[in-house]
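Mind having a look at this structure? Questions to follow.
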Amino acid sequence: MSTLEKRIIAFLLAVSPILDPYVIFNKIGIVNVIASILFIWIIIRNKSIKLNPSLLSLLLVLLLCTCISLLNMEGHRNTIAALKVIINWAILFLLASGMWSFLDKEKFIKYSQGIAIFTATFLYIQVISYLTTGNVLDGRIGFLELSQYDSWASIVDISGSLRAHSVFQEPSYVAIYLLPVVASFIIDKKYIKSAYLILAMILTTSTVAICGIILILIWFLIISNKKIDTKIKVLILIIAIHSILYMKLPQYAEIVNFSLKKLMMIGTDLESARLGSAKIRIIGYLPYYFDYPIYYKIFGVGANQFPKYLAHYNVLSYSSTLVTIILDFGIVGLIAIINMFRMFIKGSNRNTIIYTCVFIMICSIDSFWFNWYFFYILTFIIINYNPKGKHIKYINIK
């Protein structure tokens, strides 16, 4: 592949989360179309791609669980729909693998950092515009059509709270995009830029953002190989900026207080009988798993089938990734994804392990599965994956 082609691949992976909800011809994802064209071009030019064994193993286990589960006819499910979901995941995996095989790694990081700075800047403009004029600047790309399964949140929620989300659909998506970039800036010793992005995430009031910031600070202070004096200086810098803004800007203080209130209410929400926002994200419909027959406890009810199987409980097709894995693929699926986490951790060093930690955190508290946000975060892991300094044993497909 030429340098230009590798850079095009890097840019598409970096911009894919922004374009993820948009479609052409009413239902075909724009990123899927471009990635498919690139995949065909890669096959024509190189006659092969490399498949990451950890992700491939997970996908095969989920396919096996689905097939075994559907052999049991108990409960209402849709066999064709379940198999279509697995096929769709397999296609996306192949598209991503094709791009990972010939990715300009340095350019991917550079493009992601540039897009993150733009995202944060536009978010600041949104917040300032609303607080000073009352006008809401919409970050949606107006000439593109949203998928029928996607929506665009308002930056002012039903309670009147400001929840800016820049060029993404909702605040948590801003956090998902910015978190690995914050880590990359810290690894590159660009601490001012990392602080710039952290402040933007605070303004989103997203629970994912707040949890992610705490995770990154813990990693930076305890795990990363930065010098102690550097850690102290950066921590003082972040605290100083935050304290000044908190004392001088009442609007900022209000946003921070709202975020902390949400964080503090997680425990109360989890204990409540009501299925609130935090509870549906973290625990979701997990209690129903314990009512499954033993067969389904082992293999689950099939890909994307728990809402149908539990339809008599009026459940929604939404929960965290880990809970969804348990409900759809049982204990076997849970073991498979934990094994993938283990392999990613094994292939990381003290600095790059943060990408896997962010990935695991998002899977634990948000719905995040085989979309382009998922592959975007995985790209940070894949390009840094190097177990014990050895070459990765990719599976070549010719």
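In this chain, residues are counted from 1 in sequence order.
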Subject >> Check: Y289 side chain, G300 main-chain N or O, donor-acceptor pair, under 3.5 Å >> reply: no

Original post:
Where do Y288 and Y313 land on the ring-ring contact (aromatic ring centres under 6.0 Å, His included) test, with the steps shown first?
Top reply: CA-CA 9 Å; Y288 294 124; Y313 292 110; 4.2 Å; yes

**OP:** Taking atom types as modelled, find out whether Q305 and N78 have a side-chain donor-acceptor pair closer than 3.5 angstrom.
**Re:**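 No pair is found: no donor N or O on one side chain lies under 3.5 Å from an acceptor on the other.
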
Original post:
Quick one: are the ring centres of F375 and F370 less than 6.0 Å apart?
Top reply: yes

Subject >> Y177 ring center near Y376 ring center (under 6.0 Å) >> reply: yes

Subject >> Given I125, T121, V127, T119, the one that forms side chain to side chain contact (heavy atoms under 4.5 Å, CB included) with L123 >> reply: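 For L123, the side chain to side chain contact (heavy atoms under 4.5 Å, CB included) check succeeds only for V127.
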
**OP:** Look at the rings of H242 and Y246 and say which category their plane angle falls in: under 30° parallel, 30 to 60° tilted, over 60° perpendicular.
**Re:** tilted

Subject >> Audit row: Y173, Y373, ring-ring contact (aromatic ring centres under 6.0 Å, His included) steps and yes/no >> reply: CA-CA 8 Å; Y173 291 161; Y373 291 92; 4.6 Å; yes

Original post:
With a 6.0 Å cut-off on ring centres, are Y124 and Y196 close enough?
Top reply: yes

Original post:
Does a salt bridge link E170 with R163, judged by any charged N lying under 4.0 Å from a carboxylate O?
Top reply: no

Subject >> Side-chain touch I68/I298, heavy atoms, less than 4.5 angstrom >> reply: no

Original post:
Using a distance-only test with no angle check, is there a side-chain donor-acceptor pair under 3.5 angstrom linking W369 and T324?
Top reply: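 Result is no, nothing qualifies.
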
Subject >> Nearest atoms (heavy-atom pairs only) where L197 meets A116 >> reply: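 For L197 versus A116, the nearest heavy atoms are CD2-O, 3.5 Å.
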
**OP:** Assess the side chains of S224 and R350: does a donor N or O sit below 3.5 Å from an acceptor N or O?
**Re:**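 There is no such pair (donor and acceptor under 3.5 Å, judged by atom type) between the side chains of S224 and R350.
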
Subject >> Residue pair F341 / T356: nearest heavy atoms and the distance that separates them >> reply: O-CG2, 4.1 Å

Original post:
In the single-linkage hydrophobic clustering (I, L, V, M, F, W, Y; side-chain heavy atoms under 4.5 Å), do L83 and V332 co-cluster?
Top reply: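 L83 and V332: separate clusters.
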
**OP:** Would you please indicate if the ring centroids of F359 and F368 are separated by under 6.0 Å?
**Re:**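 Ring-ring flag for F359/F368: true, centres closer than 6.0 Å.
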
Original post:
Regarding N46 and S48, is there a side-chain donor-to-acceptor distance under 3.5 Å anywhere?
Top reply: no

Original post:
When rounded to the nearest 0.5 angstrom, what distance separates CD1 in I9 from OG in S101?
Top reply: 8.5 Å

Original post:
Is there a donor-acceptor contact under 3.5 Å from the side chain of S129 to the main chain of Q126?
Top reply: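 Here the side-chain-to-backbone pair does not exist.
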
**OP:** Give a yes-or-no answer on whether the side chains of N225 and N351 include a donor-acceptor pair shorter than 3.5 Å.
**Re:** yes

Original post:
So among L146, I30, V167, L19, which one has a side chain to side chain contact (heavy atoms under 4.5 Å, CB included) with I141?
Top reply: L19

Subject >> CA sep, side-chain torsions, deciding dist, call: Q113, K190, side-chain contact (heavy atoms from CB on, under 4.5 Å) >> reply: CA-CA 11 Å; Q113 290 176 342; K190 298 176 180 178; 4.1 Å; yes

Original post:
Do R77 and V301 touch side chain to side chain, with heavy atoms closer than 4.5 Å?
Top reply: yes

Subject >> Among I326, L62, L322, the one residue meeting side chain to side chain contact (heavy atoms under 4.5 Å, CB included) with I337 >> reply: L322

